[in-house]
Amino acid sequence: MAANTEKLTPRCYKSDIKPVWCPGCGDFSVLASITKALSALSLKREEVAVVSGIGCSSRIPAYLNVYGFHSVHGRALTVATGLKVARPDMTVLVASGDGDGFSIGGNHFLHACRRNLDLTYVVMDNQVYGMTKGQASPTTDPDWEAGKLTPGGTGLNPFQPLVIALASGATFIARCSSGDQDGTADTIAAAIRHPGFAFVQVLSPCVTFRPEQRGWSNLVHPAPVEPTDDPARAARRLLTDDSFFTGVLYHNQHRQPPPSTHRQEAHASVLKEAFKVL
Amino acid sequence: MKNKAGRSISIMIAGSGGAGAMTAGAILLDAAARAGWYGLMERSYGPQIRGGEALAIVRLSNRPVATRADTDQVLVAIDWRKTERFLPELRLTPDSLIIGDSKMGDIPEAFQSLGAHEFQLPLTALARKIANGRPNMIVLGVIAKLIGLPEDITIAALEKALAKKDAAARNSSIEAVRSGMTAAAELPQLHSFPEAPPDPVERWSITGNEAAAYGAVLGGVRFAAGYPITPATEVLEWLATALPELGGVLVQAEDELASVGQIIGASFGGAPAMTATSGPGLALMTECIGLAVAAEVPIVVLDVMRGGPSTGIPTKSEQTDLNMAIYGLHGDAPHLVLAPMSVSDCIFTMQWSVHLAETLQAPAIVLSDQSLGQTRTIIDAVPDVAFATKRKLPEALNESYQRYEDTESGVSPMSIPGTPGGQYTADGLAHNEKGHPSTTASDHVMQLSKRLRKITDFDYGRHWAEIDGHGETAIITWGSVYGTVREAVEEMSDWQDKLRLIGIRLLAPHRPKDLAAALRGVKRILVVEQSQTGQFHDYLRARYDLPGETRSLSEPGPLPISPQTLHDQIAGWN
């Protein structure tokens, strides 16, 4: 992470493309938090890449003036994994939503946590599929009856992403609220600084299909305890909290990312020795 | 058709799992290669991972061979458990020799009915005379003697194969081989073994899977991701150890969706990247291959085809993923589809595929198959071929840089992350030249046209096909079947005057002008492939003008197309 000589303001990290989001969408604030975090860390724009899947929140890369990849639904973590392994010098962020990240991309979430690569995974969670106009997502409460594919509610246990991340091996787990733009920026910056897989759930209201989420800013509250590096304590907290605690909830600095296996480069044709008869 | 025993001999070793049929076959092939022979070994298994029956099929010849022999000369059974399963694969004749172990009882009725010469040897009894002696090593000695392999060379190959075993185990194996050689003195000399080529050049012992992986790294691949799948896994295993030597890396992914996503990410980051899979995996990957088309990210996806559909027959070969490879992507998605025609061509075709993918910033699907991938073959050393593989990078980066610039060739300069001023977002959404999402009709049409033009207008040169002969009857084929067809037609005298053999290496984009030129003067065409529904025939009919009468010889797997079938087709046509 090389520091730039000339200070880049948050604005320097933004592109001139106007977001497609609805007025009042929490994702505007998350976008601002990301640019603030990048600025706070003085990261060079060309040394940052933001990879996303498909969905409202996944539109973020185009709104940034860094390298970006707007891939396909559910696969952001796979593209980011390949990029980070091939280019460990890049700072790689992954932007996703609750449908993209926990439903169609759920398997990759588990294995990205296990791999513990130095990635920052920001999931903007609004408990709904917004781009397809209002279906229940894995984090939707079971009794939400407005879901167009699940009239009467899903009746399903909501997915608990933080607990899953912990159990799967993520080494930095945080929850933020888009209503707290600076706090979210600080947490994302800490996640980028963390040398392993950092998972940040951002509660980011969908004002169109979940207007009641406007009330989230009154429900969130900072976690009353310091981050722990003890998985057992973290599990207890994450399983028993009210889903509105914010802050860094688990931070394990003991488990390092896998070492790079890159060795001295040889010419490919040396490998033919193994084929020779005798 | 004349019996090819004069120039090649086919030996099969059968046994239940753990009996060591494959080990004996592999050592036999290596020993023969050391003695100067060409050859190949196919493996046929029952479905079990361990404990299932196994059949090693070793063909040795004084010239390069690409396919199974039309007839098998020797079958040695270490035991007979479940070996009836292999009956449809055997090509024994009344001239052939079946050898059994006298301890295992009579040769089963089904094998006796083949009418071959039969002989019983005390394989187990001889093995028991040696401490830790094993019947499969007795068998190796028997076959070595039978076909005239020198003892010192056989033992040298054995010592290499058992290098990791302790000296006692090696010595008992050597003793067993010697015992087998002595026992073979009783056997009739049914076949004259062809003489070794006088001045053997450097030989390689290689499978198509190894060759494809090697070709990929020659082409510049430095990142691979993959998920285990038969019969492609060996490609990934080879890359897992080879890539770190070259400053690269392989990641074992959680599934095929992740494999293809990872190689797209790595390639976006500047590392030429590939994955290897088989039909079910390719099916999972098709969405992201479309992403690589739209975002213009070079990747290579190697599909080592197996019998399908669904799980099908993972351990047997078929050419039935052609439709999926060519037509399987959603939207108008121009991409490359290539297929190697021999084990050594796996090297060239993969290297060329990486070169084309990188040059054209597009995905390339390479269709190998189980018979190429898993057959160990003795070939002449393959000389290095150099392609100037280089992505088109921006010459100067300023405010006017456009990642998806509408250039004349259709290939746009690709900025690599880390390059100052080259920031852009790669996108699977329809986009404008800048890469900004756009639903404007003109942007969509411009980008579609650009991506089609770069694929269709590129000069692929002469490598698009292998063309031989100048007769009025053309045989058009592809992939591993090319080797079978070539061997069959080479049996015919003056075949080049009567026939024209065309093997198509570049399947997409199609080359109508090139094929029209290759077919000039042709009056009839036989299309040969290993697919029940004639996928290749359909493809040719859809995309090319074929002169004269066209016939289709299309057979499903798992049994390979026999040269005799092909001869009958051609002979019955004139």
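On a predicted model such as this, the values are computed, not experimentally measured, just so you know. Throughout, a chain's letter reflects where its sequence line sits, starting with A, and its residues are numbered from 1.
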> Return yes if some donor-acceptor pair links the side-chain N/O of Arg87(A) with the main-chain N/O of Pro417(B) below 3.5 Å, else return no.
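Flag set: sc Arg87(A) to bb Pro417(B) pair under 3.5 Å.
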> Is the number of heavy atoms from other residues, nucleotides or ligands within 6.0 Å of OH (Tyr227(B)) greater than 12?
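Atom OH in Tyr227(B) is not crowded, with 12 or fewer foreign heavy atoms closer than 6.0 Å.
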> Flag the pair Val51(A) / Phe268(B) as yes when at least one side-chain heavy-atom distance between them is below 4.5 Å, and no otherwise.
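No. Closest side-chain heavy atoms not under 4.5 Å.
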> Chain A contacts: which residues in residues 292-300 of chain B have a non-hydrogen atom closer than 4.5 Å to it?
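Answer by number: Ala295(B), Val297(B).
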> Is the side chain of Tyr67(A) donor-acceptor paired with the backbone N or O of Thr419(B) at a distance under 3.5 Å, no angle test?
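Yes.
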> Just to verify, what does Lys434(B) make a side chain to side chain contact (heavy atoms under 4.5 Å, CB included) with, not counting sequence neighbours?
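Applying side chain to side chain contact (heavy atoms under 4.5 Å, CB included) to Lys434(B) gives Gln402(B), Asn432(B), His436(B).
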> At a heavy-atom separation under 4.5 Å, does Lys84(A) approach chain B through its side chain, its backbone, both, or neither?
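No part of Lys84(A) comes within 4.5 Å of chain B.
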> Say you draw a straight line from CD of Glu46(A) to CD1 of Ile416(B); how long is it, rounded to the nearest 0.5 Å?
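Going from the CD atom of Glu46(A) to the CD1 atom of Ile416(B) covers 14.0 Å.
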> Using non-hydrogen atoms only, which part of Tyr424(B) is less than 4.5 Å away from chain A: side chain, backbone, both, or neither?
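Tyr424(B) touches chain A through backbone and side-chain heavy atoms alike.
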> Which residues, numbered in order, of residues 105-114 of chain A come under 4.5 angstrom of chain B by heavy-atom distance?
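Only Asn107(A), His108(A), His111(A) of residues 105-114 of chain A have a heavy atom under 4.5 Å from chain B.
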> For Ser415(B), is it the side chain, the backbone, both or neither that has a heavy atom under 4.5 Å from a heavy atom of chain A?
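Both parts, backbone and side chain.
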> Return the CG to CG distance between Leu271(A) and Leu243(B), rounded to the nearest 0.5 Å.
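One finds 8.5 Å between CG of Leu271(A) and CG of Leu243(B).
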> Got a second to check how far Glu254(B)'s CD is from Leu77(A)'s CG, nearest 0.5 Å?
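With rounding to 0.5 Å, CD (Glu254(B)) is 8.5 Å from CG (Leu77(A)).
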> For each of Gly74(A), Gly82(A), Ala49(A), tally heavy-atom pairs with chain B at distances under 4.5 Å, and name the one with the top tally.
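Max contact count across the listed options: Gly82(A).
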> Minimum heavy-atom separation for Gly261(B) to Thr78(A), with atom names?
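That would be CA-OG1, 3.2 Å.
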> Test side chain to side chain contact (heavy atoms under 4.5 Å, CB included) on Val85(A) and Gln262(B) and set out the steps.
CA-CA 9 Å; Val85(A) 172; Gln262(B) 288 184 19; over 6 Å; no
> Does Val277(A) form a side chain to side chain contact (heavy atoms under 4.5 Å, CB included) with Trp37(B)? I'd like the steps, not just the answer.
CA-CA 11 Å; Val277(A) 170; Trp37(B) 308 106; over 6 Å; no
> Got Gln423(B) and Leu64(A) here, is their nearest side-chain heavy-atom distance under 4.5 Å?
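Heavy-atom side-chain distance check fails, nothing below 4.5 Å.
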> Would you give the length of the straight line joining atom NZ of Lys272(A) to atom OH of Tyr214(B), rounded to the nearest 0.5 angstrom?
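Reported to 0.5 Å precision, the distance equals 4.5 Å.
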> Enter the distance from Ile17(A):CD1 to Thr425(B):OG1 here, rounded to the nearest 0.5 Å.
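It comes to 7.0 Å.
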> Side chain, backbone, both or neither: which part of Gln252(B) has an atom under 4.5 Å from a heavy atom of chain A?
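Only the backbone of Gln252(B) comes within 4.5 Å of chain A.
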> Just give me the residue among Gly269(B), Pro437(B), Ala426(B) that pairs up with chain A most often, heavy atom to heavy atom, under 4.5 Å.
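Most heavy-atom pairs within the cutoff with chain A belong to Ala426(B).
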> What part of Asp427(B) gets within 4.5 angstrom of chain A, counting heavy atoms only: side chain, backbone, both, or neither?
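Both backbone and side chain of Asp427(B) come within 4.5 Å of chain A.
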> Using side chain to side chain donor-acceptor pair (under 3.5 Å) as the criterion, list what pairs up with Ser168(A), not counting sequence neighbours.
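Counting only residues at least two positions away or on another chain, Ser168(A) forms no side chain to side chain donor-acceptor pair (under 3.5 Å).
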> Just one of Glu210(B), Glu202(B), Arg203(B) clears the side chain to side chain contact (heavy atoms under 4.5 Å, CB included) bar with Phe275(A), so which one?
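Between Phe275(A) and the candidates, side chain to side chain contact (heavy atoms under 4.5 Å, CB included) is satisfied uniquely by Glu210(B).
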> Under a 4.5 Å heavy-atom cut-off, does chain B meet the side chain of Ala80(A), its backbone, both or neither?
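Neither the backbone nor the side chain of Ala80(A) comes within 4.5 Å of chain B.
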> Atom CD of residue position Gln256(A) - does it have more than 12 heavy atoms of other residues, nucleotides or ligands inside 6.0 Å?
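Check passes, neighbour count above 12.
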> For each of Ala33(B), Gly418(B), Ala271(B), tally heavy-atom pairs with chain A at distances under 4.5 Å, and name the one with the top tally.
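The answer is Gly418(B).
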> At a heavy-atom distance under 4.5 Å, which candidate from Asp30(B), Leu257(B), Leu218(B), Val382(B) has the highest pair count against chain A?
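Looking at each option in turn, the highest pair count goes to Leu257(B).
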> What option among Ile263(B), Asp255(B), Val251(B) has the most heavy-atom pairs under 4.5 Å with chain A?
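Highest number of pairs under 4.5 Å: Asp255(B).
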